[in-house]
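Just so it is clear: chains get the letters A, B, ... in the order the sequence lines come, proteins before strands, and each one is counted from 1.
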Amino acid sequence: MTDSNFGKGCHLHLIDGSAFIFRAYHALPPLTRKSDGLPVGAVAGFCNMLQRYVDGDHGADAPTHLAVIFDAKGDNFRHKLFPDYKANREEMPEDLRPQIPLTRAATEAFNIPSIELEGFEADDIIATLTCRARQAGGRVTIVSSDKDLMQLVGGGVEMMDPMKNIRIDRDGVIKKFGVPPEKVVDVQALAGDSIDNIPGAPGIGIKTAALLINEWGDLETLLDHAEEIRQPKRRQTLIEKRDQIELSKKLVQLDCKMPLDVSLDDLELREPDPDKLLAFLAEMEFRTLSRRIAEKLGVEPPVIPEKAPDPAGDAPAPDDQPFDSANYECVRDAQALQRWIDLIQFRGWVAVDTETTSLDEMRADLVGISLAVEPGSACYIPLGHKDGATDDLFGSDALAEGQMDKAQALGMLKPVLEDDSILKIGQNMKYDAKILARHGIDVAPIDDTMLLSYAMHAGLHGHGMDTLSERYLNHTPIPIKPLLGSGKSAITFDKVKIEDAVAYAAEDADITLRLWRVFKPQLHRARVTTVYETLERPLVPVLARMEMDGIKVDRDTLGRMSNGLSQKMAALESEIHELAGEEFNVGSPKQLGEILFDKMGIEGGKRGKTGAYATGADVLEDLAAEGNELAARVLDWRQLAKLKSTYTDALQDHINPETGRVHTSYVIAGANTGRLASTDPNLQNIPVRTEEGRRIRKAFVAEPGNKIVSLDYSQIELRILAHIADIPALKQAFADGLDIHAMTASEMFDVPLDQMTPEIRRRAKAINFGVIYGISAFGLSRNLRIPRSEAQEFIDRYFERFPGIRAYMDDTVAFAKEHGFVRTLFGRRINTPEIAARGPRAGFARRAAINAPIQGTAADVIRRAMIRMPDAIAGLPAKMLLQVHDELLFEVAEHAVDKTIEIARSVMENAPEPAVKLDVRLTVDAGVGDNWAEAH
DNA sequence: CTAGAGCGCTCG
DNA sequence: GTACGAGCGCTCTAGC
């Protein structure tokens, strides 16, 4: 490249594009394009800044040449030198991502050259152009606040900080770094940079670094004479960390000689083409800006149709297409698929849905994939539909005609589904991510309409697609029932005719995309963007991994237990029949009630809403205490029946034949408070409270050479209560490591701790839990089996001793009444629509509102720990397997047990930070064993 | 025959 | 009429 005309008298201005973008993003509210909700706030800010820069008064520093320099996506040569380079960088906000290409388009619309090159950072391009301009005798202004660029200043090169609007010359650099520009890299190599993750020399900051460089002249001399440093700490660091420091210098040193296919002459200042520029601004729907620019250019401003904002906020945008399944395309070959991929790449996002043969992701076969890019335009790619003509019981039907080869289609889709710059939108993405992961595809990044709804609407309604579609799109999705049938005669999706599948499957992707366009711009209005970004979205891959790993369950242990239980139950059953004087179904509460309260004539039987007698454990226990043998035996039988049916039998059916492990599924958007729920099977209610039940846990084992490790938060909800309600006595008790229930008992009943009895402690414990549950005299009296008046006295005394509790309860209910929701410490929103109800429902809503911030904050804490856990234990032979609300279960190679506990505990105990600093520290108890029973 | 309500029990 | 938050197996009934 020749820069033949560039020289003395020329002044090149180089704008650091990223700096402009980030400043624009943070300076403006999250604007979206009205017609389709595309986020454009950063683009708007970027255009404004460009326009102001070009038209600004630069005096003697006016540009003759101008370019905007961008960072290319992906890694550069520095990552090869140091894989962790910029590893501390926070991920780009999701609503900024799609705006990045638009800022390039904006630059072009302004007719300003934009330069980027894969494998290099913007800084290197700036360095190269700066060197060339300086050699040619011209001047340069670098528009950036990035201090890494200060090494280029001097010899006609200055920086211009667009934030503060000040110019920085050689003296400015000396002021900032304490050394002239040519020695800046030496200082940076020593001082390091936490933002870019440049290690530097530990303990040495910019001040010290400048001192050392000024003393020794340059870095190499300094390092060669490190032995002569007087301060022992400094000397040792410089000697020991020499490699790290030299690496740091390579990382901060900008490349002045990159191969750049641009000549300086190409960058000569030029006027924008009004048509092009205004067309772009109109496309972005920037009304004010296009009016201003049109005025300046002396042309008519473009007409941008005004779309009336939807007053309800929830209804579909009026310009959305009606649903019409005839518009959906069936993709049957590579050409057709490539067209969709092109569309997706152009758009930067796609709604994805997979169709399979089972709701169990670990057993499901992939049958097809649907994609949607814009409302009303979606496709279905059949991949595994069987020819339904033959009725083959062995499922060996041939594939139906007109389908792409599955491997070929997945091969084409993989780069898209894994592309950092393309957002994949799904409804319950964890399901699809697991299916695709089993085909070697790691879907990322993702958005999930179910989780968007959950973050905003928890407590208002469910978050299934049918519910959301009806509520927010006013559209009832095609039901799956007519396609699959039900019960015994139900078929799997692979047997559905492709023509029928297209309408159903493509519509799901279409609905998902439309929901996303409704929900995404509403996140910030509900003030749950951070909740969604830090507690919902990042949890998806973590749970997917845990669920796919599963936990090993020993079938023989369960089988033997089942047999043993059968025998004991049979014996009990005969006894029960004899006591009853007739044979009846012991498992039928209705029949049991009739025997007890009608036939045997026991007084005081209470009937439920169906008219049947209540025969719950509390009722039977009272009868048994009065000496009723039948009630006692039925209680025994029920315990065994529960263990057998729900656990020893059912669990065996959940052992995956291929993995030999049990793979639960966590419902992220199930519990209103933020808790997870475990299903198919539920592994969060495996028995533990009785010895008999605990034996089930022995069947949950580690692989040979491994251990099961359990870590659980100690009294997390009470600790959170102490913090939220601000109870000094409780906080102090936790700080002192006291037995919290005993301490409460002592305080309430004036019993010294050394004279505490189990009975008094039990009562205090019940009250402590009652407080978390939104205590009532009725509830406490029933739980402790004491008169209501006595329960009321306890509660009164509790409030007297801990007055903050009452204030917390009153304040929380008042907040819920005013706003219709409550929040956790981390901002999670739990809607409380029933708080305005009258009658018994009001009581329920009150107590739920009091409980939600406590339970929800605890749920947020463990979510944070789980999200951080994979990175924390990466490299250790350890897997996180299960979550049980306040407990995490791991499978760990024996030799790494101690290290894993140390790291995982630290992650869990520090999980609230830095977002929240609790007044009470969280403590985590650990257990290790060959099985879950031993570890707990 | 199937779906759904109700009951009861498991967990934190 | 009640302690908060969940899931699931069994029985029974209503409705196809």
- Here the distance between atom P of C:dT2 and atom CZ of A:Arg785, to the nearest Å, is 16 Å

Would you list the protein and nucleotides 8-10 of chain C atom pairs, both N or O, that sit under 3.5 Å from each other?
from: C:dC8; atom 1: OP1; to: A:Asp680; atom 2: N; distance (Å): 2.7

- Task: Answer with base, sugar-phosphate or nothing: what part of the nucleic acid does A:Phe778 contact at a heavy-atom distance below 4.0 Å?
- Result: base

- Message: Regarding A:Ile686, tell me which of base, sugar-phosphate or nothing describes its non-hydrogen contacts under 4.0 Å with the strands shown.
- Response: sugar-phosphate

- Task: Would you classify A:Arg638 as touching base, sugar-phosphate or nothing, given that sugar-phosphate means primed atoms plus P, OP1 and OP2, and contacts are heavy atoms under 4.0 Å?
- Result: sugar-phosphate

- Query: Atom CD of A:Glu594 and atom C1' of C:dC12: how far apart are they, to the nearest Å?
  - Reply: 12 Å

- Message: Which nucleotide wins on minimum distance to the side chain of A:Arg788, given the candidates B:dC11, C:dG5, C:dT2?
- Response: C:dT2

- Message: Checking the side chain of A:Asn851 only, and the main-chain atoms of A:Ile772 only, is there a donor and an acceptor separated by less than 3.5 Å?
- Response: yes

- Atom CD1 of A:Ile668 and atom P of C:dG7: how far apart are they, to the nearest Å? 14 Å

- Check whether any side-chain nitrogen or oxygen of A:Arg847 sits under 4.0 Å from OP1 or OP2 of C:dC4, and answer yes or no. yes

- Base, sugar-phosphate alone, or nothing: which one does A:Asp886 contact when heavy atoms must sit under 4.0 Å apart? sugar-phosphate

- Aromatic ring pairing A:Tyr504/A:Phe493, orientation class (parallel under 30°, perpendicular over 60°, tilted between): tilted

- May I ask you to say what A:Leu780 touches in the nucleic acid, namely base, sugar-phosphate or nothing, with a heavy-atom cut-off under 4.0 Å? base

- Query: With a 4.0 Å cut-off on heavy atoms, is A:Gly770 in touch with a base, just the backbone sugar-phosphate, or nothing at all?
  - Reply: base

- Task: Would you mind reading off the distance between A:Tyr798 atom OH and C:dA3 atom C1', rounded to a whole angstrom?
- Result: 14 Å

- Which part of the nucleic acid, if any, lies within reach of A:Ala849 when heavy atoms closer than 4.0 Å are counted: base, sugar-phosphate only, or nothing? nothing

- Note on the structure: Closest of C:dG7, B:dG6, B:dT2 to the A:Val667 side chain is C:dG7

- Item | Nucleotide nearest A:Pro840 when distance is taken to its side chain, options C:dG1, B:dG12, B:dC11 | C:dG1

- Touch check for A:Gln591, heavy atoms < 4.0 angstrom, all strands: base, sugar-phosphate only, or nothing? sugar-phosphate

- Write down the distance between CG (A:Leu683) and P (B:dG12), rounded to a whole number of angstrom. 13 Å

- Item | CD1 on A:Ile686 to CD1 on A:Ile696, rounded to 0.5 Å | 7.5 Å

- Within the structure shown, what part of the strands sits under 4.0 Å from A:Ala641 by heavy-atom distance: base, sugar-phosphate, or nothing? nothing

- A:Tyr713 (side chain) donor-acceptor with A:Met908 (main chain) under 3.5 angstrom: yes

- Can you tell me if the side-chain N/O atoms of A:Arg689 get under 4.0 Å from OP1 or OP2 in B:dG12? yes

- Query: Looking only at atom C1', what distance separates C:dA3 and B:dG4, rounded to whole Å?
  - Reply: 27 Å

- Hey, could you give me the NE2/CG distance between A:His663 and A:Asp360, rounded to the nearest 0.5 Å? 8.0 Å

- salt bridge (Lys or Arg N to Asp or Glu O under 4.0 Å) against A:Glu536, all qualifying residues, sequence neighbours excluded: A:Arg828, A:Arg863

- Test item: A:Glu834 side-chain N/O and A:Ala845 main-chain N/O as donor-acceptor pair under 3.5 Å: no

- Query: Side chains of A:Ser588 and A:Asn585: is there a donor and an acceptor less than 3.5 Å apart?
  - Reply: no

- Establish, with yes or no, whether the OP1 or OP2 oxygen of C:dA6 is under 4.0 angstrom from a side-chain nitrogen or oxygen of A:Arg675. no

- Query: Just by distance, do the side chain of A:Arg695 and the backbone of A:Ala933 share a donor-acceptor pair under 3.5 Å?
  - Reply: no

- Using a heavy-atom cut-off of under 4.0 Å over every strand shown, decide if A:Ala858 touches base, sugar-phosphate, or nothing. nothing

Between protein and nucleotides 13-16 of chain C, what N or O pairs are separated by less than 3.5 Å?
none

- Message: Quick check for you: to the nearest 0.5 Å, what is the distance between A:Thr476 atom OG1 and A:Glu470 atom CD?
- Response: 4.0 Å

- Message: Just to be sure I understand the rule, does A:Ser588 reach a base, reach only the sugar-phosphate, or reach nothing, if contact means heavy atoms closer than 4.0 Å?
- Response: sugar-phosphate

- Item | Shortest side-chain distance from A:Val884, nucleotide among C:dA6, B:dG12, C:dT11 | B:dG12

- Task: Indicate, yes or no, whether a donor-acceptor pair under 3.5 Å links the base of C:dG1 to the side chain of A:Arg841.
- Result: no

- Query: Within less than 4.0 Å of OP1 or OP2 of C:dA3, is there a side-chain N or O belonging to A:Arg782?
  - Reply: yes

- Message: Just the rounded figure in Å: distance from C1' of C:dA6 to CG of A:Asn851.
- Response: 12 Å

- Between A:Gln883 (CD) and B:dC11 (P), how many Å, whole number? 17 Å

- Message: With ring-ring contact (aromatic ring centres under 6.0 Å, His included) as the criterion, how do A:Tyr808 and A:Phe815 come out once you've worked through the C-alpha distance, each side chain's angles and the decisive distance to 0.1 Å?
- Response: CA-CA 10 Å; A:Tyr808 163 73; A:Phe815 185 95; over 10 Å; no

- Task: Look at all strands and tell whether A:Phe769 reaches a base, only sugar-phosphate, or nothing, counting heavy atoms closer than 4.0 Å.
- Result: nothing

- Message: If I take atom CD1 in residue A:Ile775 and atom P in nucleotide C:dG5, what distance separates them, rounded to the nearest angstrom?
- Response: 16 Å

- Might you confirm whether atom CD of A:Glu582 has over 12 heavy atoms from other residues, nucleotides or ligands at distances under 6.0 Å? yes

